[in-house]
Amino acid sequence: MPCEKQPRFLILYGSQKGQAQSIAEGIADEAAEHGLVAEISCLSRHEEYSLERESAPVVFIVSTTGDGEPPDTTLKFVKTIRAKTLPSDFLKNLHYALLALGDTNYANFCNCGKTIDKRLQELGANHFYATGHADDGTGLEVVLDPWIEGVWDAIKAASSKMSSSSHPPLKESLSDMTKENPAPTSPPHVELNRLSLADDKTADSIQAPLDSDSKSTLGGLPSTEVTGLSSESDGAAAKSAQEAQADQVREECVVAEPSLTYSLPPLSQSSLNVPALPPPYLEVTLLLEDKAEKFNSSLHTETFYEVPVTNAVQMTRGDSVKKALLLELDISAHPTMTYMPGDSFDVLCPNRASEVDTVLLRLGLQDQRHQRVQLAVRRDTKKRGAQTPPHVPDNCTVQYLLTWCLEIRSVPKKAFLRALVDCAGDSVQKRRLQELCSKQGSADYNRFIRDSSLCLPELLTEFSSCTPPLSLLIEHLPKLQPRPYSAASSTLRHPGRLRFIFTVVELPACPGRPEGRRGLCSGWLADLVAPVLVRPGVTDESSCGQAQLPQIHVRMRPSGTFHAPTDPTAPLIMVGPGTGLAPFLGFLQQREIERRDSPDVAFGETWLFFGCRHKDGDYLFREELEGFVSSGTLTHLKLCFSRDAAAAAAAAGEEAVPAVSQPPPPACPRYVQHNLLLHSQRVSRLLLRHDARLYVCGDAKNMAKDVNDTLMEMVRAELQLDQLDAMKTLASLREEKRYLQDIWG
């Protein structure tokens, strides 16, 4: 009797930095355990799928980038389905589920996923499972884990209905259209890989042997990890022994607080739902240099330009809490490197040498750091569509791989922690890694890993018995991404130059990180320019002039929308505290020269809302901004100094009368949103009645949210609307590209 054919489904992903792709691949890898066959493809590879002819359920995993924009790999797909020529029943045979990834720290949460979902519905497609919106701001797993748990039964149900309605069984290739079927709207609960002290069977996803002779305890309690017990009596005996030992230890010690490396009840005694073990798929061979082909590192930077740093100035005073630096790059040797005010660019930076050394030490590869890495896909891998990662160059050294290719600073995902479980030699640490990647341990994962931005070198230091192979790092660590910065200049003022400003990021010490560390790129840039850095109050700069100019690799990232209006008569409102001022320097430099060259044009008024901690220590580009005011380029400069009450009161100037329905702003505004309220009536009328453009640049987590809330209140008061209609008005301003953000987390 022939075997029953397993149902097939298609996974399509759109990813910018690899997050959506990783999730899609994880679903594909787990499909076989649920009796399903998964095909997976990137949305950019349109030749591999045809939605209008697809006869199997389709699962979309899509992320959002920038200001609610689709990932680069999804742009063509979105453009295709948005074509107005498509009929309303074009995708009537498509049955799909969609998981959207986003971050509520940004305004257009999950916008790409929502856009695709809405358009598929407009084209007649059918949901077979509720759409999920996973928030990286609070933890993707909060939505991701239950969504994936429920999707398996939903796929099977949809596949069964589609098969029965179309009669022929599903084929392995793209096939004929199927008829529309109703879809379930809520995911069922599915329990996966449950571990318990009382279990007498081996959980597939846990392979750690129980060391009965181990004297180690977990935060004062014995490890509760479980493995295959040969019989019910053996299981009961092991359970009884462990419980007796646990009771004895509980009487002897009490641990007040959990930490990264140990837990407390109830978690330490809980049965765990852990992810399935991701199938390994890479084979790594290390070759001596004389046996390897010559590696050309320039190929890895072929899309970047190497440019010198011609000027480096510390913009904040030495005693300031935050250090802000201005760097000027000479791009004159590269005529194709053009930019407009509002554009940004990428800086290619390496991982920190001390952290690379830590990883080499923990992997036992200190003596092999200069050997060449040769990658191949394992013949016995169960991972579907496995391939060697394109961001790892052929025959690069181990040191180069860890320095320039892998993001060792990335926060380890739960799937990576699950893979590390089997690399830990100590049973206590093995159990703790299981807890951290489990559903029950989500709170500890968020507290000790995600919220602290803990990275691999720090994790390996704390879990000293964990020695993963190099292949595991290549499989799980994402590509080292270049860091984006906003241009802080105009080529009309600074021809052949590109300026930018940034704050040197400081991450505080925390559990798992005994000492604070600096941001990867900002810390590297600060170290790089230290020999030529001009510091405030330092008059002897002779040594700076003699130092060799440092070089960095950059590439331009033209903005599609964050540019000054083409109509010079349109009013311009800019909100940029701290280094968020950067793009507006370029706006104003360009506007000043345009005003000089076109004296007969009636330029619109310009407003800049700027804020910092202290007037004397953190007021960036003070002379230049005051110069813009003197020349008439900047009509209104509104300042606030959050830690400087007297200076803030002096800078507030003439206070506008707020609408009665608004909460009264403070007399001395501390933050930019307070200054907006002080000038609510004038700003609102410019924005709502005089076609003004509003630009916001800076911190996404606090400032951008507060400014958005303030704007909503201003709109509500000006137009006498309720909150919902005020939100819709702001949304329409966004759609018209008259309310734009360049924000970062």
Side-chain angles (χ1 to χ4, degrees), residues 67 105-107 312-328 341-342 344-345 347 483-489 499-508 518-519 521-523 525-526 533 535-536 562 573-589 607-626 628 634 636-645 647-648 651-652 668-676 694-711 740-745:
D67 188 20
N105 288 315
Y106 297 85
V313 180
Q314 182 173 322
M315 303 299 294
T316 49
R317 209 167 55 185
D319 59 353
S320 297
V321 174
K322 297 181 179 181
K323 180 190 290 186
L325 305 183
L326 165 69
L327 269 57
E328 181 179 85
S344 58
F345 63 98
V347 175
R483 271 41 178 182
Y485 291 92
S486 297
S489 55
R499 290 182 155 202
F500 67 105
I501 53 177
F502 63 93
T503 298
V504 181
V505 177
E506 300 283 352
L507 280 77
R518 295 191 297 180
C521 191
S522 63
L525 287 172
L533 184 65
R535 295 175 175 84
F562 204 84
I573 304 167
M574 300 163 284
V575 182
T579 55
L581 174 66
F584 307 133
L585 290 171
F587 282 16
L588 293 169
Q589 290 171 7
W607 292 66
L608 174 63
F609 292 86
F610 173 77
C612 59
R613 287 172 173 260
H614 298 285
K615 182 177 182 179
D616 293 334
D618 308 294
Y619 187 174
L620 306 179
F621 299 94
R622 178 175 181 173
E623 292 184 4
E624 187 167 0
L625 293 179
E626 291 175 350
F628 289 138
L634 182 56
H636 305 280
L637 175 59
K638 303 303 176 183
L639 305 171
C640 55
F641 306 100
S642 61
R643 304 296 189 271
D644 226 345
C668 297
R670 292 187 62 189
Y671 302 112
V672 286
Q673 64 266 24
H674 299 150
N675 239 338
L676 279 168
L694 174 67
Y695 301 83
V696 180
C697 182
D699 169 49
K701 292 184 178 179
N702 298 304
M703 182 276 299
K705 280 187 175 181
D706 292 338
V707 167
N708 189 76
D709 292 344
T710 300
L711 289 170
L740 298 167
Q741 293 179 315
D742 179 7
I743 55 180
W744 55 84

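Hydrogens, waters and symmetry mates play no part in the numbers below; they use all other heavy atoms, side chains included. A quick note: this is a predicted structure, and the numbers were derived from the prediction, not measured.
- Within the 3.5 Å criterion, the main-chain N or O of G617 finds a donor-acceptor partner in the side chain of S320.
- Listed for the N708 side chain is no donor-acceptor partner under 3.5 Å among the backbone atoms of A704.
- Atom NZ of K701 sits about 12.0 Å away from atom CD1 of I743, to the nearest 0.5 Å.
- Using a 4.5 Å heavy-atom cutoff, the side chains of Q589 and F628 are in contact.
- Residues meeting the ring-ring contact (aromatic ring centres under 6.0 Å, His included) test with F502, sequence neighbours left out: Y485, F500.
- Remark: side-chain polar atoms of D618 are not paired, donor with acceptor, to backbone N or O of G578 under 3.5 angstrom.
- Between R613 atom CZ and R670 atom CZ the span is 10.0 Å, to the nearest 0.5 Å.
- You'll find the side chain of L625 reaches within 4.5 Å of the side chain of L585, heavy atoms only.
- Counting all heavy atoms, side chain and backbone alike, L620 lies closest to L581 at O-CD2, 3.9 Å.
- With a 4.5 Å cut-off on side-chain heavy atoms, K323 and E506 do not count as touching.
- For the pair T316 (side chain) and A324 (backbone), a donor-acceptor distance under 3.5 Å is present.
- Of all the heavy atoms in L507 and V505, the pair that sits closest is CD1-CG1, 3.6 Å.
- Under 3.5 Å, the side chains of D742 and S486 contain a donor-acceptor pair of N or O atoms.
- Residues T503 and K322 approach most closely at CG2-CB, 3.8 Å, considering heavy atoms.
- Between K638 and W607, the closest heavy-atom pair is CE-CZ3, 3.9 Å.
- Q741 contributes atom CD, which lies 8.0 Å from atom CE of M703 (distance to the nearest 0.5 angstrom).
- The distance from the CG atom of D699 to the OG1 atom of T579 is 9.5 Å, given to the nearest 0.5 Å.
- Distance check: M574 CE to L694 CG gives 10.5 Å after rounding to the nearest 0.5 Å.
- Note that OH of Y619 is 8.0 Å distant from SG of C612, once rounded to the nearest 0.5 Å.
- Nearest heavy atom pair, residue L639 against residue N675, reads O-ND2, 3.0 Å.
- R499 meets the salt bridge (Lys or Arg N to Asp or Glu O under 4.0 Å) test with E328; sequence neighbours excluded.
- Looking only at side-chain heavy atoms (C-beta outward), H674 and C640 stay at 4.5 Å or farther from each other.
- Take F621 and apply the ring-ring contact (aromatic ring centres under 6.0 Å, His included) test, not counting sequence neighbours, and it matches no residue.
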Are F610 and F584 close enough, and set up right, to give a ring pair (Phe, Tyr, Trp, His ring centres under 6.0 Å), and what steps lead you there? CA-CA 10 Å; F610 173 77; F584 307 133; over 10 Å; no
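- Between F562 and F587, the angle of the ring planes lies from 30° to 60°, which puts this pair in the tilted group.
- Scanning both residues, L634 and L588, for their nearest heavy atoms gives CD1-CD2, 4.2 Å.
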